[in-house]
Amino acid sequence: MPASGCVVLCVTLLLTSASGMEPDRDLCLRSESLDLADCRFRGLVRVPPGVPHGVQLLDLSGNRLTDVRSGSFVGLWSLRTLLMSNNSIRTLQPRSLSSLQFLETLDLSFNQLDPLPRDFSRSLTSLQELRLDHNLLRRLDSASLLDLENLRKLDLSHNRIRTVDVGAFDALSKLILLSLEGNRLSAFPDGLFKRQRSLEVLLLNHNYISVIGTEVLAPLRSLTLLGLQGNRLQTVRFKTFQILQTTTTSLLMSSNPWTCDCELQRVFDKIRRVRRLRAYDYSDIVCQAPEQHAGRSLASLEGQLCVAETASLLVITVTVMLTVIGALVKAENNRKNKPVTA
């Protein structure tokens, strides 16, 4: 190594040693007030030690973290926002976040998490916004979110979730936004949202949902937007939405494989007549079956789908009436022709 290179390296190491700072810490930019530590895109493979205790926002996005170790954030009592998106995090070790009692925002999006640890939410009682979108989660159990009693926004979109335990959201009574879109959900058990009376936005777009229970939405008394686009719905029951006791709820239901028949037409006619319900994308609801209606919008078929059923009902009614009249006439003739006994 040239002498000049050695001098530069030795001076750098001496300065680092003299200041008492580890090399990882120097990779983060800090604001003059020391309330923000910017560690984005620094090639970090672990949470850097020595982050000042007064930091309120720590940004570790765009690094090469693969796990978060226990005790990584010990002493950061002032931390309110922690951003760790766009890493390769697969594992959160036990109690890795448990020292963050005052954290309000946590972003773990665009990682490789699966599963979510059962103690994930331990001590995160102040958390208000949680982003877990674009991970590899396949299931939500009843323990992982147990301590998030103040959570208001939860983004679980674009994972691989197939199963949600009935009690998974029981602690989230203050939730106002829940996004589960872009997963692999096919149905929801009754009681899943029994504590979500404050929920305003529920996004279930682009799943595999083919059936919606008539009671599953009943507790959602504040719901203003329900997204069901891009699922596998062929038909729905009016009672599913009639049970919503809200002021106004907009429904997004296009891009489903609808079977356009008289019953479906009647359901949407009823929805549109209920003042508090709004079929926001009704004009974009396109039929997939039966074959003669495939590709046409439901709106373009108004007044046609129930004609055949009405005609059939009329024929049945007339037939029944004629049968009854015939029976009455026959009975009367039999009565008249019956010989009178002395």
Side-chain angles (χ1 to χ4, degrees), residues 138-140 155-164 166 168-169 177-194 196 199-220 223-246 248-274 276-306 309:
R138 291 173 290 178
R139 178 180 178 179
L140 287 179
D155 190 348
L156 290 160
S157 62
H158 302 288
N159 278 275
R160 301 175 180 179
I161 301 172
R162 292 181 180 273
T163 305
V164 181
V166 174
F169 302 133
L177 183 149
L178 174 59
S179 177
L180 283 162
E181 57 186 338
N183 280 284
R184 300 176 183 180
L185 297 164
S186 57
F188 295 96
D190 288 342
L192 181 62
F193 303 120
K194 61 178 178 288
Q196 277 63 63
L199 192 66
E200 298 177 9
V201 178
L202 177 58
L203 302 177
L204 303 171
N205 305 313
H206 306 291
N207 277 278
Y208 300 160
I209 300 169
S210 58
V211 178
I212 307 172
T214 56
E215 301 291 331
V216 70
L217 302 177
L220 305 180
L223 195 65
T224 60
L225 178 62
L226 174 61
L228 287 165
Q229 294 173 324
N231 279 282
R232 296 181 178 179
L233 294 170
Q234 297 181 25
T235 190
V236 288
R237 297 179 63 183
F238 175 60
K239 185 180 178 182
T240 301
F241 307 107
Q242 183 187 29
I243 204 168
L244 283 169
Q245 300 300 313
T246 58
T248 303
T249 301
S250 294
L251 307 174
L252 300 176
M253 303 178 72
S254 60
S255 301
N256 279 282
W258 296 109
T259 296
C260 293
D261 55 17
C262 183
E263 181 60 30
L264 186 68
Q265 185 67 74
R266 285 175 175 168
V267 168
F268 276 97
D269 284 347
K270 290 176 182 177
I271 288 174
R272 294 163 65 205
R273 285 199 297 266
V274 176
R276 68 177 183 274
L277 298 176
R278 184 183 180 194
Y280 188 83
D281 57 351
Y282 174 69
S283 61
D284 296 323
I285 292 177
V286 176
C287 309
Q288 181 167 308
E291 186 177 352
Q292 65 267 30
H293 300 319
R296 295 188 62 183
S297 68
L298 183 61
S300 72
L301 295 168
E302 283 186 14
Q304 301 177 37
L305 295 175
C306 294
E309 184 173 310

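Just so it is clear, the values below take in all heavy atoms, side chains as well, and ignore hydrogens, waters and symmetry mates. Note that the structure is a prediction, hence the values are computed from the model and not measured.
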Original post:
Can you name the side-chain hydrogen bond (donor to acceptor under 3.5 Å, both in side chains) partners of N205, sequence neighbours left out?
Top reply: E181
Original post:
Do we see a donor-acceptor contact under 3.5 Å between the side chains of S254 and D281?
Top reply: yes
**OP:** Go through the structure and list residues passing side chain to side chain contact (heavy atoms under 4.5 Å, CB included) with S297, not counting sequence neighbours.
**Re:** A299, S300
Original post:
Residues in side chain to side chain contact (heavy atoms under 4.5 Å, CB included) with V201, at least two apart?
Top reply: L177, L203, T224, L225
**OP:** Only counting residues at least two apart or in another chain, list the ones meeting side chain to side chain contact (heavy atoms under 4.5 Å, CB included) with I243.
**Re:** E215, A218
Original post:
Under the side chain to side chain contact (heavy atoms under 4.5 Å, CB included) test, which residues partner S186, sequence neighbours left out?
Top reply: Y208
**OP:** Can you sort out the partners of D155 under side-chain hydrogen bond (donor to acceptor under 3.5 Å, both in side chains), two or more places apart, ordered by chain and number?
**Re:** S157
**OP:** Could I get the full list of ring-ring contact (aromatic ring centres under 6.0 Å, His included) partners for H158, not counting sequence neighbours?
**Re:** H134
Subject >> Residue list, salt bridge (Lys or Arg N to Asp or Glu O under 4.0 Å) with D269, at least two apart or on another chain >> reply: R272
Subject >> For T259, all residues meeting side-chain hydrogen bond (donor to acceptor under 3.5 Å, both in side chains), sequence neighbours excluded >> reply: none
Subject >> Partner set under ring-ring contact (aromatic ring centres under 6.0 Å, His included) for Y282, not counting sequence neighbours >> reply: F268
Subject >> Listed partners of R138 passing salt bridge (Lys or Arg N to Asp or Glu O under 4.0 Å), at least two apart >> reply: D114
Original post:
Of all heavy-atom pairs between I161 and N183, which one has the smallest distance, and what is that distance?
Top reply: N-OD1, 3.0 Å
Original post:
Does the pair M253 and V236 meet the rule for a side chain to side chain contact (heavy atoms under 4.5 Å, CB included), with working shown?
Top reply: CA-CA 10 Å; M253 303 178 72; V236 288; 4.1 Å; yes
